[in-house]
K.L.:
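My structure is below; once you've seen it, I'll send some questions.
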Amino acid sequence: MTGFLTRRKRTHYCGHLKASHAGEDVVLMGWVNRRRDHGGVIFIDLRDREGLVQVVFNPDVNPDCHAEAGRIRNEFVLAVHGRVRRRPEGMENPDLGTGDVEVMADELEIMNESKTPPFVLDQMTDVSENVRLKFRYLDLRRPEIQRNLILRSGIAAAARDFFYRNGFIEIETPFLTKSTPEGARDYLVPSRVNPGTFFALPQSPQIFKQLLMVSGFDRYFQIVKCFRDEDLRADRQPEFTQIDVEMSFVSEEDVVRIMEEMIAHLFRTCLGRDLVLPFPRISYRDAMSRFGKDSPDTRFGLELRDLTDILKGSGFKLFSEIASGGGSIQAIKVDDGKSLSRKDLDDLKDFVSRFSAAGLAWARVNPEGWTSPIFKFLTPGEVTAITEKMGARAGAVIIFVADSPGVVRDALGHLRIHLAEKLGLIDPKAFAFTWVTGFPLFEFSETEKRYVSTHHPFTAPVPDDVPFIESDPGSVHAQAYDLVLNGSEIGGGSIRIHRKEVQALIFKALGLGEEEARNKFGFLLDALEYGTPPHGGIAFGLDRLVMMMTGADSIRDVIAFPKTQKAACPLTDAPSRVSVEQLMELSLKIAT
RNA sequence: GGGGUCGUAGUUAAGCUGGUUAUAACGCCGGCCUGUCACGCCGGAGGCCGUGGGUUCAAGUCCCAUCGACCCCGCCA
C-alpha cells in the first residue's frame, strides 16, 4: 500500500490532459467519480480539482492491475501510472474536456477506500441542503461548487491586485472589538480576563478604517469577515465577507470612479467581460418612484407610474377614498399580458398582501377599451388618461395598487420583480449596474419615534444641506452611494464627517446625548479633534458579488461552510452547549 | 416574532376520499459482460413514513404539539 508517493510524483491534473499529451507516461491522483466495469475492460472516471479523465484498466495491459481495479468503488482515492493515448476512432466523448484521450493504466494504488457516499456526486442528482451541508466535505467535491469557490478566489485575487497597483494598503482590523448598539445585533464574546464584560465581533471595520485615515494611511483596503446577528435570507449569512475600502482627500465622485474601475477589473479578469463605464446613476428619489425600491433592477421595464392625480376623484370608491386619505395609486404595465390568466391576475392580490397592500386592481387593454373589474367605475376620460400615461397599447395589462405611498412602492417594487421573473423578461446573462446616490441622511423611525441614520451616523451631509440639519432633518441629503447589480445591493459607502462640529450636529439630530455619544464613539470623536482629513469609502459584499458572477441561487453556494437559516452549522453542530467550567471561567450563568 | 412550502429506503420522489404485504428511479450488494462514458442484462438487500400526543375498529394519510430544512415579511445603521 505504501511506497507509491516515494516512488512516483503526480505529473498532471486529470482535467488537464489533452490530445497533445498522447504517448506520454503520466501519474494521476484523484477520486473515483464513476466506474464502468465491463467484466473485461474497466473504465474509471478519475476526478480532481481540474476535471475528469477516463482511465482504462485492460487485463491485456496488466492483469494484476486490472484485478485490483475490480475492487474500486466510488470516491476511492487512486494513484495511477499509465500512458496517455488518443481514444480509438469514434470513441471520443465531446461532453468531457479530456474526451479526446484516455489513460491506459499499468500501475494502480488504491490510496484510500471510501464508504459509499450518502449521495452521488454528480450534477444530475439533486440533494436537499441539510444533507449537503451535513456532508459538506463531499458536497464540496462537486465540480459546480468547486468552480464557484475557485472563481471566488480569483475575484479576491483580482481585487487585491487592483488595490495594490492603485496604492492601497491592506491593513487588518480587530475582530474582538467594542459593541456599538446602533445597527444590527452584535455577536458577543465574553472576556475572561475582565469578568462581566464583552467584546463584539465587528459588523464592519467602519470606525477602524476611519481611524486609519486619521493616521494618514491615505488608501486602505481589506477583504474581511463581518458579523451580524440577524435573521438569514437566501443572500444573507451571519458571517460574510466585505471588500472594505477607505480613502483620504476624496470626493464622492472620486470614490465612485475608482471603485467602478475596480469592479470592471474583476469582471474583465475573472469573467472575460468588458463592462461599460461609467455605470449609470440614479437618485434615491428616482429609484423609489420608478422602481419602488432603493436597489432597482434595471434589466427590465415595468416601471411604476403614479396615477393618484387621475384617480383621486374617481367613481371607484376604494381609489378615491385612499387618495383623499393621503394615499397613492400607482401602477405598472406589462406590455404583453397574454400569458397572464385571469387567475394569475387575481392571485396578485395575495402576492401584494404580503406587503400589507390593501387594494389591487388590474386592467387588460383592448383596442376597444378595457377588460377590468373596475372598468365600469371609471369615466372614459379616466380610462384614456391612464392608458396614455401608462403608454399602454392593445394587449397590455395594467396593474394598480392603492395604499399609503410607502406600501404602494413596496408592493409594486416587489411585484414588478415577481412578474418579470414569471414572464421571463429578465436576460439571465445581463449585468445591470447602477449607482444610487442622493440618499436622505436621516429616516424617521416610526418604532423609535425619532430620526435614525439611513447609512450610519458618520455619513457626511451634502454641504448645502448642513443648515437644515436642525430645522428639517428629513430634507438633508447624504454624500452616500450604493452600487446595485441586477436589483441587489452589492456595495455601499459614503463620504464621512471629518469635522467635530458637524458630527455633534448629527448626534444631536439623532437624539444622541453628548454623554451617550461619548460613551459609544468617544474615541472617534477624540480622533476628529486631531487633524482628521476629509475621507470616504465603500464596502462591497464579496459573497453577493460572487453569487452574481457565478450565477449561484444561494449565498450558501459560494461559501465553503455556510450556516443554515437557523444560523447553525449541521456539519460541526455549532452552536453548541459548553461546560459549566467554561462558563464559570467567563463568569457566566445560563439564565434559562 | 409572523406567513408559506416541505420532512416516506442511502438519495430524490409517488402514495388519491383513512382500509391487505408502503411504490418507483438512482445508489448499494451478488452474478454475467473487453469499448463504455448517467454502460448494459439478471438477481437481491434495504423503511421508527421527522418526533410526541390525539381521533378512529383501523393513520404514511385526519387533528394538535414539537423539531428540522428552505422561501418570504419583520429585522439587516
Side-chain angles (χ1 to χ4, degrees), chain A residues 33-46 52-61 66 73-75 87-96 98-99 102 104 115-135 138 180-186 203-204 206-207 226-238 240 350-357 407 410-411 414 417-418 439 441-443 445-448 451-459 478 480 489 492 494 506 510 512 520 539 541 553-554 556 563-566 568 570:
Chain A
N33 195 61
R34 232 171 235 286
R35 91 194 141 98
R36 291 177 293 282
D37 184 344
H38 285 240
V41 70
I42 296 171
F43 300 99
I44 298 288
D45 291 336
L46 197 63
L52 295 178
V53 71
Q54 174 164 280
V55 179
V56 186
F57 294 92
N58 190 315
D60 303 337
V61 173
H66 174 263
R73 294 294 180 272
N74 282 350
E75 301 308 317
R87 293 198 183 186
E89 191 73 34
M91 297 294 159
E92 298 88 355
N93 182 352
D95 297 331
L96 199 61
T98 62
E102 60 191 4
M104 301 301 289
K115 284 169 63 170
T116 303
F119 49 88
V120 187
L121 306 183
D122 59 26
Q123 63 255 54
M124 298 78 161
T125 317
D126 92 70
V127 185
S128 71
E129 260 194 273
N130 30 344
V131 178
R132 287 178 56 196
L133 291 183
K134 184 150 191 168
F135 295 92
L138 296 179
T180 52
E182 294 268 318
R185 244 175 243 116
D186 284 322
Q203 298 178 22
S204 96
Q206 183 60 36
I207 290 175
C226 301
F227 306 85
R228 289 177 194 177
D229 187 5
E230 295 295 343
D231 287 349
L232 286 75
R233 285 284 192 284
D235 61 354
R236 240 158 56 187
Q237 282 274 304
F240 59 99
D350 293 333
F351 182 86
V352 299
S353 70
R354 287 216 303 254
F355 309 97
S356 63
V407 169
D410 199 27
H414 282 93
I417 295 167
H418 174 72
F439 285 87
L441 188 63
F442 305 107
E443 285 167 330
S445 163
E446 291 298 338
T447 47
E448 295 184 51
Y451 281 97
V452 296
S453 293
T454 305
H455 200 51
H456 59 61
F458 320 114
T459 304
E489 183 200 327
S494 62
I506 300 293
L510 291 172
L512 209 60
K520 284 180 182 170
D553 296 323
S554 156
R556 296 179 297 278
K563 306 280 188 287
T564 65
Q565 204 181 38
K566 277 257 164 69

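Residue numbering restarts at 1 for every chain, and letters A, B, ... go by the order of the sequence lines. Note that this is a predicted model, so its numbers are computed, not measured.
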K.L.:
Expressed in whole Å, how much space separates the P atoms belonging to B:rG10 and B:rC73?
P.N.:
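Those two atoms are separated by 36 Å.
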K.L.:
Using the C1' atom as the point on both nucleotides, what is the distance between B:rG44 and B:rA38, in whole Å?
P.N.:
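So the two C1' atoms sit 22 Å from each other.
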K.L.:
Out of B:rC70, B:rU34, B:rC33, which nucleotide sits closest to the side chain of A:Asp37?
P.N.:
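The closest nucleotide is B:rC33.
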K.L.:
Can you check whether A:Phe43 stacks with the B:rU36 base, using ring centres under 5.5 Å and planes within 30°?
P.N.:
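Here A:Phe43 meets both the 5.5 Å and the 30° conditions.
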K.L.:
Counting side-chain heavy atoms from CB outward, which of B:rC39, B:rG35, B:rU12 is closest to A:Val131?
P.N.:
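Side chain of A:Val131 sits closest to B:rU12.
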K.L.:
Could you check A:Phe458 against A:Leu96 and say which one's nearest nucleotide on RNA chain B is further toward the 5' end?
P.N.:
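Its nearest nucleotide lies further toward 5', so the answer is A:Leu96.
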K.L.:
Name the nucleic acid region contacted by A:Pro117, choosing base, sugar-phosphate or nothing; use a 4.0 angstrom heavy-atom cut-off, strictly under.
P.N.:
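Touches nothing.
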K.L.:
Starting at CG of A:Asp235 and ending at C1' of B:rC70, how long is that distance when rounded to a whole Å?
P.N.:
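Atom CG in A:Asp235 sits about 14 Å away from atom C1' in B:rC70.
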K.L.:
Under 4.0 Å between any heavy atoms, over every strand shown, what does A:Arg132 touch: base, sugar-phosphate, or nothing? Just pick one.
P.N.:
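No contact at all - A:Arg132 keeps every heavy atom at 4.0 Å or more from the nucleic acid.
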K.L.:
Between A:Phe57 and A:His66, which heavy-atom pair has the shortest distance, and what is it?
P.N.:
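The pair with the smallest heavy-atom distance is O-CD2, 3.4 Å.
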K.L.:
Could you identify the nucleotide paired to B:rU56, looking across every strand shown and requiring Watson-Crick or G-U wobble geometry with both distances under 3.5 Å?
P.N.:
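Base partner found: none.
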K.L.:
How long is the line joining CD of A:Gln565 and P of B:rG1, in whole Å?
P.N.:
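For the pair A:Gln565 CD and B:rG1 P, the rounded distance is 13 Å.
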K.L.:
For the side chain of A:Arg87, counting heavy atoms from C-beta on, which of B:rC37, B:rC72, B:rU11 is nearest?
P.N.:
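The closest nucleotide is B:rC37.
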K.L.:
Mind checking the P distance from B:rU23 to B:rG47? Whole angstroms is fine.
P.N.:
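Per the computed distance, 13 Å lies between those P atoms.
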K.L.:
Could you check A:Arg36, A:Arg34, A:Arg35 and say which one makes a salt bridge (charged side-chain N to carboxylate O under 4.0 Å, His left out) with A:Asp45?
P.N.:
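For A:Asp45, the salt bridge (charged side-chain N to carboxylate O under 4.0 Å, His left out) check succeeds only for A:Arg36.
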K.L.:
Within the structure shown, what part of the strands sits under 4.0 Å from A:Ser204 by heavy-atom distance: base, sugar-phosphate, or nothing?
P.N.:
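The answer is base, as A:Ser204 lies within the cut-off (heavy atoms under 4.0 Å) of a base atom.
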K.L.:
Report the distance from atom CD of A:Gln54 to atom C1' of B:rG35, rounded to the nearest whole Å.
P.N.:
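Spelled out: CD on A:Gln54 to C1' on B:rG35 is 8 Å.
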K.L.:
For a quick check of understanding: with a heavy-atom distance under 4.0 Å over all strands, which category does A:Pro59 fall into, base, sugar-phosphate or nothing?
P.N.:
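Contact class for A:Pro59: base.
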K.L.:
A:Pro88 has a side chain; which of B:rG27, B:rC71, B:rG35 sits nearest to it?
P.N.:
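For the A:Pro88 side chain, the nearest candidate turns out to be B:rG35.
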K.L.:
Considering only B:rC73, B:rG35, B:rC72, which nucleotide approaches the side chain of A:His414 most closely?
P.N.:
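Looking only at side-chain atoms, A:His414 lies closest to B:rC73.
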K.L.:
Would you call A:Arg556 and A:Glu129 a salt bridge, taking side-chain N to carboxylate O under 4.0 Å as the test?
P.N.:
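So A:Arg556 pairs with A:Glu129 through a salt bridge.
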K.L.:
Does any part of the side chain of A:Pro88, heavy atoms only, come nearer than 4.5 Å to the side chain of A:Glu102, both counted from C-beta?
P.N.:
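Heavy-atom side-chain distance check passes, below 4.5 Å.
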K.L.:
Please determine whether any donor N or O and acceptor N or O are separated by less than 3.5 Å between the side chain of A:Glu102 and the base of B:rG35.
P.N.:
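Present.
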K.L.:
State which of B:rC72, B:rA69, B:rU36 makes the closest approach to the side chain of A:Thr564.
P.N.:
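Nucleotide nearest to A:Thr564's side chain: B:rA69.
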K.L.:
Among the candidates B:rC76, B:rC71, B:rG35, find the nucleotide nearest to the side-chain atoms of A:Met91.
P.N.:
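Per side-chain heavy atoms of A:Met91, the pick is B:rG35.
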K.L.:
What interatomic distance, in whole Å, is found between P of B:rA65 and the corresponding atom of B:rU5?
P.N.:
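Approximately 15 Å lies between the P atom of B:rU5 and that of B:rA65.
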K.L.:
Say you pick atom C1' in B:rC32 and the same atom in B:rC70; how far apart are they, in whole Å?
P.N.:
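Their C1' atoms lie roughly 44 Å apart.
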K.L.:
Any N or O donor-acceptor pair linking the side chain of A:Arg236 to the base of B:rC75 at under 3.5 Å?
P.N.:
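Pair found.
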K.L.:
Which heavy atom of A:Gly40 sits nearest to which heavy atom of A:Pro59, and what is that distance?
P.N.:
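Nearest heavy atoms, A:Gly40 then A:Pro59: O-CD, 3.7 Å.
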K.L.:
What distance, rounded to whole Å, do you find between the two P atoms, one in B:rA59 and one in B:rC49?
P.N.:
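After rounding to an integer number of Å, I get 13 Å for this pair.
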K.L.:
Determine the contact category for A:Glu129: base if any of its heavy atoms lies under 4.0 Å from a base atom, sugar-phosphate if only primed atoms, P, OP1 or OP2 are that close, otherwise nothing.
P.N.:
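Sugar-phosphate, no base atom in range.
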K.L.:
Between B:rU36 atom P and A:Phe57 atom CZ, what is the distance in whole Å?
P.N.:
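In whole Å, B:rU36 P lies 19 Å from A:Phe57 CZ.
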K.L.:
Once you apply the 3.5 Å cut-off to both distances, tell me the Watson-Crick or G-U wobble partner of B:rC49, or none.
P.N.:
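WC or wobble partner does not exist here.
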K.L.:
In whole Å, I'd like the distance from the CD1 atom of A:Ile42 to the P atom of B:rC37.
P.N.:
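So the CD1-P distance, A:Ile42 to B:rC37, works out to 16 Å.
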K.L.:
A:Leu121 has an atom CG; how far is it from atom C1' of B:rG27, in whole Å?
P.N.:
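It is 11 Å, rounded to the nearest whole Å.
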K.L.:
Would you check if A:His38 stacks with the base of B:rC33, given a 5.5 Å centroid limit and a 30° plane limit, both strict?
P.N.:
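No, aromatic ring not over the base.
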K.L.:
Give one of base, sugar-phosphate or nothing for A:Arg73, where a contact means two heavy atoms less than 4.0 Å apart.
P.N.:
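Sugar-phosphate contact only.
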K.L.:
Taking only the P atom of each, what is the distance from B:rA69 to B:rC33 in whole angstrom?
P.N.:
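My reading of the P atoms in B:rA69 and B:rC33 gives 49 Å.
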K.L.:
Please work out which of the three classes, parallel, tilted or perpendicular, describes the rings of A:His414 and A:Phe355, given edges at 30° and 60°.
P.N.:
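A:Phe355 vs A:His414 ring planes: parallel.
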K.L.:
Take A:Glu230 and A:Arg556, find for each the nucleotide of RNA chain B with the closest heavy atom, and name the residue whose nucleotide sits nearer the 5' end.
P.N.:
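The residue closer to the strand's 5' end, by nearest nucleotide, is A:Arg556.
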K.L.:
So, is A:Arg233 near the phosphate of B:rC70, with a side-chain N or O under 4.0 Å from OP1 or OP2?
P.N.:
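So the side chain of A:Arg233 is outside the cut-off, no N or O lying under 4.0 Å from OP1 or OP2 of B:rC70.
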K.L.:
So what's B:rU34 paired with, Watson-Crick or G-U wobble, going by both distances under 3.5 Å?
P.N.:
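Paired with no nucleotide.
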K.L.:
By the 4.0 Å heavy-atom rule, please label A:Asp231 as base, sugar-phosphate, or nothing.
P.N.:
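Result for A:Asp231 = base.
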K.L.:
Identify whether any heavy atom of A:Arg36 sits under 4.0 Å from a base atom; if not, whether one sits that close to sugar-phosphate; answer base, sugar-phosphate or nothing.
P.N.:
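Base contact - A:Arg36 has a heavy atom under 4.0 Å of at least one base atom.
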K.L.:
For the side chain of A:Asp410, counting heavy atoms from C-beta on, which of B:rC29, B:rC71, B:rG74 is nearest?
P.N.:
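Nucleotide nearest to A:Asp410's side chain: B:rG74.
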K.L.:
Looking only at side-chain N and O atoms, does A:Asn130 come under 4.0 Å of OP1 or OP2 in B:rC6?
P.N.:
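No, because none of the side-chain N or O atoms of A:Asn130 sits under 4.0 Å from OP1 or OP2 of B:rC6.
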K.L.:
Could you check if a side-chain atom of A:Thr564 sits within less than 4.5 angstrom of a side-chain atom of A:Asn130, using non-hydrogen atoms only?
P.N.:
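When only atoms from C-beta onward are counted, A:Asn130 and A:Thr564 do not touch, as no gap falls below 4.5 Å.
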K.L.:
Under 4.0 Å, counting only non-hydrogen atoms across every strand here, what does A:Asp229 touch: a base, just sugar-phosphate, or nothing?
P.N.:
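No contact at all - A:Asp229 keeps every heavy atom at 4.0 Å or more from the nucleic acid.
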K.L.:
Between B:rG74 and B:rU12, how far apart are the two P atoms, rounded to whole Å?
P.N.:
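These two P atoms come out 32 Å apart once rounded.
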K.L.:
Both distances under 3.5 Å, Watson-Crick or G-U wobble: report the partner of B:rA69, or none.
P.N.:
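Result: B:rU5.
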K.L.:
Expressed in angstrom and rounded to an integer, what is the separation of A:Arg185 atom CZ from B:rG1 atom C1'?
P.N.:
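The answer, rounded to whole Å, is 10 Å.
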K.L.:
Could you tell me how the ring of A:His418 sits relative to the ring of A:Phe351: parallel (under 30°), tilted (30 to 60°) or perpendicular (over 60°)?
P.N.:
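Answer is parallel, since the angle falls under 30°.
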K.L.:
Could you please name the option among B:rG27, B:rG35, B:rC72 that lies closest to any side-chain atom of A:Asn58?
P.N.:
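Closest nucleotide to the A:Asn58 side chain: B:rG35.
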K.L.:
Using purine N1 to pyrimidine N3 plus N6-O4 or O6-N4 for Watson-Crick, or N1-O2 and O6-N3 for G-U wobble, each under 3.5 Å, what pairs with B:rU11?
P.N.:
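Its partner is B:rA25 (Watson-Crick or G-U wobble, both distances under 3.5 Å).
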K.L.:
Using whole Å, what does the distance between atom C1' of nucleotide B:rC76 and atom CZ of A:Phe240 come to?
P.N.:
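Distance check: A:Phe240 CZ to B:rC76 C1' gives 9 Å.
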K.L.:
Which part of the nucleic acid does A:Glu75 contact within heavy-atom distance under 4.0 Å: base, sugar-phosphate only, or nothing?
P.N.:
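Answer is nothing: A:Glu75 stays at 4.0 Å or more from every strand.
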K.L.:
So what's B:rU17 paired with, Watson-Crick or G-U wobble, going by both distances under 3.5 Å?
P.N.:
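When the pairing criteria are applied, nothing turns out to pair with B:rU17, so the answer is none.
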K.L.:
Count the heavy atoms of every other residue, nucleotide or ligand shown that sit under 6.0 Å from CZ of A:Arg87, and state whether that count exceeds 12.
P.N.:
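Yes - once you tally the heavy atoms of other residues, nucleotides and ligands closer than 6.0 Å, there are more than 12.
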K.L.:
Quick check for you: among B:rC37, B:rC76, B:rA69, whose closest atom lies nearest to any side-chain atom of A:Lys566?
P.N.:
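When the side chain of A:Lys566 is considered, B:rA69 is the closest of B:rC37, B:rC76, B:rA69.
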K.L.:
If you look at every strand shown and take non-hydrogen atoms under 4.0 Å, does A:Thr454 touch a base, only sugar-phosphate, or nothing?
P.N.:
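Sugar-phosphate: the residue A:Thr454, judged by heavy atoms under 4.0 Å, touches backbone atoms but no base.
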K.L.:
Would you indicate whether the side-chain heavy atoms of A:Leu441 and A:Tyr451 approach each other to under 4.5 Å?
P.N.:
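With C-beta onward as the side chain, the pair stays apart.
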